Amino acid sequence: MTYASQVAMTLPEIVLALGALALMLVAAWGGPSSTRAVSWTAVAVLGGACLALIGPATSGLSAFDGMYHADAFAGFSKVLIYIAAAVAILLAPSFFERTAGDDLRPEYPVLILLSAIGMGIMVSTGDLLTLYIGLELQSLAAYVLASFMRQDQRSAEAGLKYFVLGALASGILLYGISLVYGFTGSTLFYEIAGAYAAAPLSGDGKSIGLMFGLVFVFAGIAFKISAVPFHMWTPDVYEGAPTPVTAFFASAPKVAAMGLAARVAIEAMGPAEAQWRQIVIFAALASIIFGAVAAIGQSNIKRLLAYSSINNVGFALIGLAAGTPEGVAAVLTYMAIYVVMTLGSFLVVLQMRASDGQPIETIASLSGLSRTRPGLAAALAIFMFSLAGIPPLFGFWAKFAVFDAAVRAGLFPLAVVGIAASTIGAYYYLRVVKTMYFDEPTAEFGEGDKLEGGLIAAAAVVVSPLGYLAIPLLGGWTMAAAQALF
Amino acid sequence: MTSFPILSLMLAIPAIAAVVCLFLSAQSARWLALGATLADLALGVILWLSFDVGGAQWQFVEYAPLFGRFAWALGIDGFALLLIALSVFLMPICIGASWQAIEKRVPEYMAAFLLTEVLMIGTFAAQDIFLFYIFFEAGLIPMFLIIGIWGGANRIYASYKFFLYTLLGSLLMFIAMLYMSITADTTSIPALMNYDFPPEVQTWLWLAFFASFAVKMPMWPVHTWLPDAHVQAPTAGSVILAGVLLKLGGYGFLRFSLPMFPEASAQLVWLVFGLSAVAVIYTSLVALVQSDMKKLIAYSSVAHMAIVTIGLFAFNAQGIEGAMLVMLGHGLVSGALFLCVGVIYDRLHTREIARYGGLANNMPRYAILFLLFTMASIGLPGTSNFPGELLALMGTYQVSTTIALLCTTGIILGAAYMLYLYRRVVWGEIKSDEVRAMPDLSRRELWLLAPIAAVVMWMGVYPESFIAPMRADTQRLLARIERAQPVSDSRPTPGTGIVPAAHAEPIAHGEAH
């Protein structure tokens with residue numbers, strides 16, 4: 001394989017990188033006035049990266065001796081990531097317009113582009129070091145984004161918290177990587193898999209090292225997907241970060257980190273399935289139950305959605321626990337639907353602002369929304385019921401896919417406990433619906449933005465029963481993507 | 001059979017009307033909802049008339065593999081036909097009952113009701129196990145909103161309780177469904193009905209389905225959501241809850257538990273019988289001491305539903321047909337009783353029994369209709385509940401004398417609490433001026449109650465019309481489950497006397513049964 005053809009496989013990242021660098025220069029010389037142009041160009045660059053996925057980038061081959069995979073799995077995840085990133089760019093202007101003192105600067109879309117490159121590398125990785133580079137690129141951009149409102153204390157706090165805890169997670173991950181490297185002699189996934197297969201994890205001294213490496217790598221990844229018990233940063237960061245950034249955090253990086261988890265679990269540590277399955281099952285159930293129980297007491301909608309994302313990651317992990325192609329396909333299905341639901345919810349949260357434009361974040365302020373803004377209330381109700389997994393909304397299909405995979409893999413206790421715990425989750429989603437529909441109206445929200453209204457409507461249509469018509473298509477894509485890992 | 005997709009049309013009409021309703025004014029929404037439900041009623045009549053009694057098991061079959069993993073598969077047998085007929089019959093009455101009682105947020109209310117209708121018909125018509133689940137579970141959303149938005153003072157508690165209780169039950173069933181569809185490699189209900197799961201697996205699957213249907217039914221001790229939901233729901237909400245939604249549990253037993261897990265059903269029949277016997281006696285006694293009319297009728301529903309469950313698990317034709325008749329009869333009668341309560345509630349805005357009294361004096365027409373439904377609820381011959389209860393208890397008697405004995409006390413207790421209710425509300429002297437000022441039934445209210453009264457009498461006098469469509473299906477079900485039939489506790493024992501040679505043959509024949 002020629003070097004050029006290997007580089008061609010990374011075309012989406014190249015498009016994004018060149019775009020980000022060019023826009024950075026524009027931002028440096030153009031100043032704040034170029035924000036609008038930079039934003040729209042960034043969206044166009046993301047669109048271009050999507051187009052660049054056609055061809056060598058999804059050929060199913062590996063570049064650079066297996067360090068970078070250009071397969072369907074990466075392709076599917078990248079489409080999701082790019083769409084979520086584009087939405088995060090689109091919904092920023094109207095939010096920052098209304099905040100006091102902090103205007104949107106052109107660095108915002110550039111940082112999101114850089115983060116998108118990192119996420120693209122994460123889902124394409126075939127090597128522990130590629131993985132780490134992708135992860136850090138994504139994370140460093142994210143730390144800056146979290147504290148983007150420089151005059152807002154909560155935002156600064158969120159950024160700092162995210163940075164410190166993220167650095168800790170990276171440290172844990174690196175430690176795990178070093179152990180794995182030390183005991184397998186390689187950082188390439190397929191060679192690691194060979195070492196895990198060769199040394200059964202019992203008996204000789206090597207296996208303990210491999211086991212420790214596995215545990216630390218998974219702990220590091222659990223941090224990034226904010227699975228319990230490594231979730232502590234999530235509510236604070238979600239609450240403090242500017243809402244468009246929170247929407248971004250809850251969507252694209254989650255997809256990337258889940259994709260990464262699937263790659264590491266299946267490609268690198270597939271032979272040690274029995275070992276990591278225990279970790280994944282524990283993280284899944286703990287996330288589902290803790291995410292649900294802790295959300296009950298929340299009065300801030302962003303914190304509620306943070307716990308909801310912990311809860312949802314738990315469900316997605318059930319698919320991973322299955323460890324089968326169906327399971328990985330279910331994870332991808334889950335993430336695809338989850339991204340739509342969660343972006344939709346955050347779009348509604350962005351509409352919550354007082355008549356003077358100041359954002360409101362209390363759940364109580366949604367009281368009687370069904371009478372003051374019926375359309376908006378209906379959309380949020382759809383997202384909430386969907387997140388709770390109540391049919392006929394599309395969120396049910398996400399749960400269907402993961403539990404189907406778990407039952408196929410024979411994980412009955414996991415399936416039964418997981419689904420029973422989803423009742424707890426239903427309670428707090430219902431509480432939001434109750435506030436909007438059963439309570440008396442309070443102060444009315446200010447007028448909404450047309451573009452955001454359109455995005456909300458689009459998300460609501462996808463999540464509505466009409467979404468079921470997309471099942472054959474979605475099923476085919478996710479299955480093709482999942483097969484790429486096996 | 002006709003290839004015209006009449007079932008899909010019956011689903012589409014209310015679904016489209018529900019969406020359109022949201023954009024209309026209150027009055028137009030009312031008329032649109034009435035029009036849509038009447039159109040569905042007309043289609044329901046056509047459905048019944050063109051149903052080939054004794055013909056193919058599944059009729060009006062539609063199949064479109066739209067969703068990959070599962071399909072848009074519809075089709076009905078006799079059981080489903082009757083329950084769909086009940087749903088489409090009660091819906092226009094519900095809309096009519098809400099005509100004046102609901103004043104706020106009418107378009108949303110009508111949309112929620114139309115959506116409920118879609119989901120109910122869909123549940124009965126679904127031939128794919130996951131399509132069934134989606135319709136079954138989705139019914140929670142509109143009902144949650146109906147109770148929560150238009151309900152009484154304690155509506156929020158009641159709506160949560162209703163939602164979470166029934167959700168928890170259904171989720172376990174969902175896991176069982178996944179397992180079944182994977183093991184049998186099909187999602188088609190007719191195919192699963194003929195698939196033999198190993199008996200030890202059946203027990204687990206049966207219990208998972210039982211968790212869902214027992215809550216829906218509702219069976220003692222998981223019935224406690226029902227009185228709360230009924231009391232807080234608006235009148236029409238109670239009608240549809242008692243009339244149709246409670247039938248989902250019985251339908252589930254009939255469609256899933258019995259034919260799919262016959263061995264487990266036979267094994268666990270003691271559980272069903274035990275819970276039902278407790279329910280009949282306990283809830284009847286509880287009904288006796290209620291001071292709230294709606295609560296009283298709600299508890300009586302639990303008692304009636306227990307008769308349904310014992311009939312279903314009697315494993316014989318009388319029991320199953322009787323149970324179906326009780327479901328239909330109870331759907332009509334309890335619906336009518338809730339309407340009767342609604343009529344006087346609209347006038348005095350209280351459900352306290354003690355506040356009424358002597359209504360026979362100033363509301364004679366109301367008193368007559370209320371009497372008819374009271375008698376029907378007791379199960380007087382000539383009314384709808386009589387044939388059903390008689391058959392169900394006869395069927396049970398063949399399996400268990402004790403349980404039949406215990407459950408028959410429910411009829412006596414039923415007479416006690418219903419007559420006691422009637423005496424306190426309708427007879428006696430008028431105690432207060434506000435009661436004296438209550439006008440008799442308006443023309444609208446008469447039009448709501450009269451059709452139910454007519455059908456109640458029809459079912460009582462000529463139940464054959466309702467038994468005929470399901471007769472063949474009962475036989476098919478029996479053929480499927482007879483291999484697991486539990487042993488009766490009152491089998492004739494062979495005598496010890498000397499048998500005359502000429503009579504030996506028929507006696508031996510009798511023993512074989």
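Just so it is clear, the structure is predicted and the values come from calculations on it, not from any experiment. Throughout, protein chains are lettered first and strands after them, A, B, ... in sequence-line order, and every chain is numbered starting at 1. Heavy-atom basis, side chains included; hydrogens, waters and symmetry copies ignored.
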Would you mind checking which part of [X] comes under 4.5 Å of any heavy atom in chain A, side chain (CB onward), backbone (N, CA, C, O), both or neither?
X: B:Ser159; result: side chain
X: B:Phe70; result: side chain
X: B:Phe136; result: neither
X: B:Phe163; result: side chain
X: B:Leu145; result: both

Residue [X] versus chain B: region with a heavy atom under 4.5 Å:
X: A:Phe400; answer: both
X: A:Leu473; answer: neither
X: A:Phe385; answer: side chain
X: A:Phe396; answer: side chain

task = Determine, step by step, whether B:Lys294 and B:Ser238 satisfy the side chain to side chain donor-acceptor pair (under 3.5 Å) criterion, reporting the C-alpha distance in whole Å, the side-chain angles of both residues, the deciding distance to 0.1 Å, and the verdict.
result = CA-CA 9 Å; B:Lys294 268 185 148 180; B:Ser238 298; 3.2 Å; yes

message = For A:Arg277, run the side-chain contact (heavy atoms from CB on, under 4.5 Å) check against A:Leu414, A:Leu320, A:Leu411 and tell me which one passes.
response =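 So the option named by the test is A:Leu411.
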
ask   = So which of B:Ala138, B:Ala176, B:Ala208, B:Gly148 has the largest heavy-atom pair count under 4.5 angstrom toward chain A?
value = B:Gly148

ask   = If you count heavy-atom pairs under 4.5 Å with chain A, which of B:Leu140, B:Ile156, B:Ile175 comes out on top?
value =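 Of the options given, most contacts go to B:Ile175.
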
request  = Check the pair B:Phe124, B:Phe135 against side-chain contact (heavy atoms from CB on, under 4.5 Å), reporting the backbone distance first and the verdict last.
outcome  = CA-CA 9 Å; B:Phe124 294 131; B:Phe135 281 126; over 6 Å; no

message = Tell me whether the count of non-hydrogen atoms from other residues, nucleotides or ligands lying under 6.0 Å of CH2 in B:Trp225 goes above 12.
response = yes

Under 6.0 Å between the ring centres of [X] and [Y]?
X: B:Tyr63; Y: B:Trp72; value: no
X: B:Tyr251; Y: B:Phe256; value: no
X: A:Phe403; Y: A:Phe412; value: no

query = Do A:Tyr427 and A:Tyr429 pass the ring-ring contact (aromatic ring centres under 6.0 Å, His included) test, and can you show the C-alpha distance, the side-chain angles, and the key distance before you say yes or no?
reply = CA-CA 6 Å; A:Tyr427 173 75; A:Tyr429 293 123; over 10 Å; no

ask   = Can a cation-pi geometry be assigned to A:Lys434 and B:Tyr160, taking NZ or CZ under 6.0 Å from the six-membered ring centre and within 45° of the ring axis?
value =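 Pair A:Lys434/B:Tyr160 does not count as cation-pi.
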
Tell me which of these, [options], has more heavy-atom pairs under 4.5 Å with chain B than the rest.
options: A:Gly410, A:Pro391, A:Ala415; value: A:Pro391
options: A:Ile471, A:Val416, A:Thr423; value: A:Thr423
options: A:Val433, A:Leu430, A:Leu393; value: A:Leu430
options: A:Pro392, A:Ala420, A:Ala426, A:Ala381; value: A:Pro392

Derivation and outcome, side-chain contact (heavy atoms from CB on, under 4.5 Å), residues B:Val201 and B:Tyr179 = CA-CA 10 Å; B:Val201 177; B:Tyr179 175 82; 3.5 Å; yes

